Amino acid sequence: MAAAALERWVSGELQELLGLSGRHVPGYLVALARRSRSPEELLERLRDTEALRVDEPRVQAFARELWGKVGGAWGGVGGAEGESRRGLPLGIPLDAEHPLGFGGFPPLGSHPTHVGPSHRAPDPPEEPEAEWEASERERLRDLEERDAFAERLRRRDRSRTVLTRPDAKAYEEAQKRLKVAEEDQKTLVPELRKRSRREYLAKREQDKLEELEAEIADEEQLFGEEVLSGPERSRLRYKRRLRDLAREYKRAGERERLEKSQRYRMPEERRGKQPEAGAEEALAPRDEQRRWEEERMEAAALRFGARDAARHRPQPQYEVLLEEEHMVQFISASQMQGSQPQESVQEQRRSLPIFPYRDELVAAIAQHQVLVIEGETGSGKTTQIPQYLHEEGYTRQGLKIGITQPRRVAAMSVAARVAVEMGTKLGNEVGYSIRFEDCTSERTVLKYMTDGMLLREFLTEPDLASYSVLMVDEAHERTLHTDVLFGLLKDIARFRPQLKVLVASATLDTGRFAAFFDNAPVFRIPGRRFPVDIYYTKAPEADYLEACVVSVLQIHVTQPPGDILVFLTGQEEIEACVELLQERCRRLGSRLPELLVLPIYANLPSDMQARIFQPTPPGARKVVVATNIAETSVTIDGIVYVLDPGFCKQKSYSARTGMESLVVTPCSRASANQRAGRAGRVAPGKCFRLYTAWAFQHELEETPVPEIQRADLGSLVLLLKSLGINDLIHFDFLDPPPHETLVLALEQLYALGALNHMGELTTLGRRMAELPVEPMLAKMILASEQYGCTEEVLTVAAMLSVNNAVFYRPKDKVLHADSARRGFHLPGGDHLVLLNVYNQWVASGHSLQWCYEHFVQARSLRRARDVREQLEGLMERVEISPSSCGSDYSPVRKAITAGFFYHTARLTRGGYRTVKHQHSVFIHPNSALFEEQPRWVLYHELVCTTKEFMRQVIEIDSAWLLEVAPHYYQAKELEDGSTRKMPKKVGKSREELG
DNA sequence: GAGCACTGC
């Protein structure tokens, strides 16, 4: 039977058995069958792959039939047990016969112009042996080359000198951002006042009339004539009169415009100037302004009295602001326990909760190889334990203690803190290592680093021989990197009995960690935090955004001083919430103490972000409306109240379609408690949850789904492969990723040429692993060498790696922002637009002003520059010399195609469909090609929001696909069969682009 | 004609 027909048959059978059939799986199964001496052996091999349930009769029947069709022609290629790589680093379990369970991929040479004998061509029946032998020779040759490359890397690493950069700029930036200078505090209050007043006035100018109407309506509704005091009644009367006056002005036309310019002037400015003509006539408006001023002053002055009243009297006067039925009803259900901190700064080290346990802890570490340490933030585990171990001599003989953190800022700031405590300069005995910055020296014994950094260190030092202790901190966060570290550390610990492994986590999950590390003991350290009272709603809230707004006002009106932190899911919600709050405050303004509403989310420009760190002016209250960023990454001082609607956005990844989407999901109990904890950092706090206690107990998951089960694993698989771990199916994961995700990652790596048909790492794959980007980007970069455009492609790669945060699109200047964006358009597509933006930014001398003018986020460009510099530095390492293609961009698009040939779509009569899966997709409206609709496009990513959108799209020539991925595409797939059916003006194929 | 939480190498 011809190979193609055979595979079609297998594919059909798999559809029956599994409901799915990957592109390469049939070929693999055929290869397995070829290598099997009997149907039983084939079944055994199938059992090892864990893809099929071999106990099922229909699977057994399938295996027998398959073996029969193949004809038992086992050639014995895969049976080459003799060349097993057993005994490679550290006894990490290798299984050469079924590496990854994908030992039977069709042969594939190294990229990109090879045309390997692929499974689509019928096997030449006369000489199958010769073909196998040839591919086998090629495979072995490539393995040799790969190992030679790895050896060159090792030699280079040995000769490399360690950089010391104690004056690291990013660290200073972080410190600057986290710390606000005292002078700022002094200038801040008047500035904030002024700004708030200006905002008020500006807005007021726009919709004065509606505003007044609304105010009057509000007052009538909220207060009713009878509860109003004398002055309040007169104020209402005043407002009504004002409304009538305003209506008159509107009719007055010309006169009104003249007055407008005088109506809303700052009193200071006015005082400094001559009274202008016509000022006398504008009495009423100016009167209003004066009144507004007075009201603000009044509100500010009233505050203390009101707060005192709230404390002393059971019925504070502001209670009336929100009627019972409009209020969110909370019931107190529990209290998070806390304990008081010591005041003294001098004795801080000794006063940490961990201090009394020092000797016990040190003894436990001496006694056990792996220790799980349970301690909340503030217990001092991160800063103290490494110092204790240093004092105990774990750093003798030049050995280091490594401590991992999930975040860069944490690694830097903790290292800085410890350096101070030890009285050394950062970068000497105590250092940190994060991406873009290695602040360590040969003297460094305590090394703080990000988890991803330690993972990378495995590449150069697979047994981590220079470390005596490794501590994985914040393990409960279960980042992709920490999860993989667990498996790797567990493995090397077996072979290095003297190595100590510490797993530090907040209270949750320690039992699971302990079980994973062969029942390691758990050492508990009490935390240090103020108690937080938890309130739940009586009934579920239908509209949590509205409930948030009401609750914030409610807290503001009824609760003693202290800032409020609100958790929402994303930028859009946050903007809406901020707007609503400001609107309500304006309407009720006169009788509310000042409320500063500040948003924060990752994509917010830095200067706006910095505002949340500025201290709240005396008498005012701050409301920070935040995403999850405030759950772990950013800590805001002064928060006493937390408002938690209980939702967050989570990325989910579908291996079936290779598509990721962001979905709003209920957060876990662990997250909810983490959020609540944010209220108890400076004083006893309160957390208001906008869901019921029952929902908390019964509807929320205990912990979030670990990232490893939600993410694309391409890079990870490539990294593990580079560490010599071939059998990923059986890798010791704390929580294994879904089988399909692993399979998809393996298939993609195979298609990219990073793995050979045996599932082994190729030379290309080894080089790709050196680049800290996702595999397709890595492939694109490596391919750029032969198209002579490494300079351009590096820029494209760097720009793509700053998540769609290049263009800034403020709500009030959407049109300007969009036209600025269109100014960057180049024919060819979005990747080239990004390249254009970057180059223009460089040409502007990295000007900040330029960024503002072009609605481009400077922070993103700076990050792109960092990424680019890092990649550029690695070019020599992967043995690529720089080249540039000048102004002809088609080589750039070809190089992109070499990496992203997986991501292609073609325009059909029914719109775009992906080439491989016929999945219906759309060009994102922000794309430069949105209107052009070229026939063949390549996309960087597919996201599912309102539709399935392709983001970052370029036009390609379908012929390129055969050129760069002959093993993946067949000519017939790429024919334009539907040419005549196409509408005339769309889908024109343009040869001379870019 | 949309609207993307957060990290990390």
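This is a predicted model, so every value here is computed, not measured. Protein chains get the first letters and strands the later ones, always in sequence-line order, with residue 1 at the start of each.
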Enquirer: What's the closest nucleotide to the side chain of A:Asp818 if the choices are B:dA2, B:dC9, B:dC6?
Expert: B:dA2
Enquirer: Between B:dT7 atom P and A:Met449 atom CE, what is the distance in whole Å?
Expert: 21 Å
Enquirer: In terms of the nearest nucleotide of DNA chain B, which residue is placed more toward the 5' end: A:Arg710 or A:Pro772?
Expert: A:Arg710
Enquirer: Within the structure shown, what part of the strands sits under 4.0 Å from A:Glu631 by heavy-atom distance: base, sugar-phosphate, or nothing?
Expert: nothing
Enquirer: Is the Lys NZ or Arg CZ of A:Arg766 less than 6.0 Å from the centre of A:Phe149's six-membered ring, within 45° of the axis?
Expert: no
Enquirer: Using the side-chain heavy atoms of A:Ile434, tell me which of these nucleotides is nearest: B:dA2, B:dC9, B:dA5.
Expert: B:dC9
Enquirer: If you compare every side-chain N and O of A:Arg478 against the phosphate oxygens of B:dT7 (OP1, OP2), does one of them come in below 4.0 Å?
Expert: no
Enquirer: How is A:Thr479 classified with respect to the nucleic acid when contacts are heavy atoms under 4.0 Å: base, sugar-phosphate, or nothing?
Expert: nothing
Enquirer: Write down the distance between CG (A:Leu929) and P (B:dA2), rounded to a whole number of angstrom.
Expert: 18 Å
Enquirer: Tell me the interatomic distance from A:Leu777, atom CG, to B:dC9, atom P, rounded to whole angstroms.
Expert: 16 Å
Enquirer: Starting from P on B:dT7, measure out to NZ on A:Lys649 and report it in whole angstrom.
Expert: 15 Å
Enquirer: Once you round it to whole Å, what is the distance between C1' of B:dC9 and CG of A:Leu488?
Expert: 14 Å
Enquirer: What residues, two or more places apart in sequence or in another chain, satisfy side-chain contact (heavy atoms from CB on, under 4.5 Å) together with A:Ala798?
Expert: A:Ala864, A:Val867, A:Arg868
Enquirer: In whole angstrom, give the distance that lies between atom CG of A:Leu719 and atom P of B:dC9.
Expert: 13 Å
Enquirer: Let's see if you can work this out: which of B:dC4, B:dC9, B:dC6 has an atom nearest to the side-chain heavy atoms of A:Ile629?
Expert: B:dC6
Enquirer: I need the CE-P distance between A:Met412 and B:dT7, as an integer number of Å.
Expert: 12 Å
Enquirer: Any side-chain N or O of A:Thr450 below 4.0 angstrom from OP1/OP2 of B:dC9?
Expert: yes
Enquirer: Could I get the full list of side-chain contact (heavy atoms from CB on, under 4.5 Å) partners for A:Asp712, not counting sequence neighbours?
Expert: A:Tyr653
Enquirer: Reading DNA chain B from 5' onward, which residue's closest nucleotide shows up sooner: A:Asp451 or A:Phe930?
Expert: A:Phe930
Enquirer: Look at the side chain of A:His481 and decide which nucleotide, out of B:dC9, B:dC6, B:dA2, has an atom nearest to it.
Expert: B:dC9
Enquirer: Answer yes if the side chains of A:Glu437 and A:Tyr432 hold a donor-acceptor pair under 3.5 Å, and no otherwise.
Expert: yes
Enquirer: Indicate, with a heavy-atom threshold strictly under 4.0 Å, whether A:Lys947 touches base, sugar-phosphate, or nothing.
Expert: nothing
Enquirer: Measure across A:Phe567 and A:Arg678 and return the closest heavy-atom pair with its distance rounded to 0.1 Å.
Expert: CZ-CG, 4.5 Å
Enquirer: The side chain of A:Arg408 is closest to which nucleotide in this list: B:dG8, B:dC6, B:dC4?
Expert: B:dG8
Enquirer: Grab the NZ-C1' distance between A:Lys651 and B:dC6 for me, whole Å please.
Expert: 9 Å
Enquirer: Describe, in one word, how the ring planes of A:Phe855 and A:His816 are oriented to each other, choosing from parallel (under 30°), tilted (30 to 60°) and perpendicular (over 60°).
Expert: parallel
Enquirer: In terms of side-chain heavy atoms of A:Met453, which of B:dC9, B:dA2, B:dC4 is nearest?
Expert: B:dC9
Enquirer: Look at all strands and tell whether A:Arg407 reaches a base, only sugar-phosphate, or nothing, counting heavy atoms closer than 4.0 Å.
Expert: sugar-phosphate
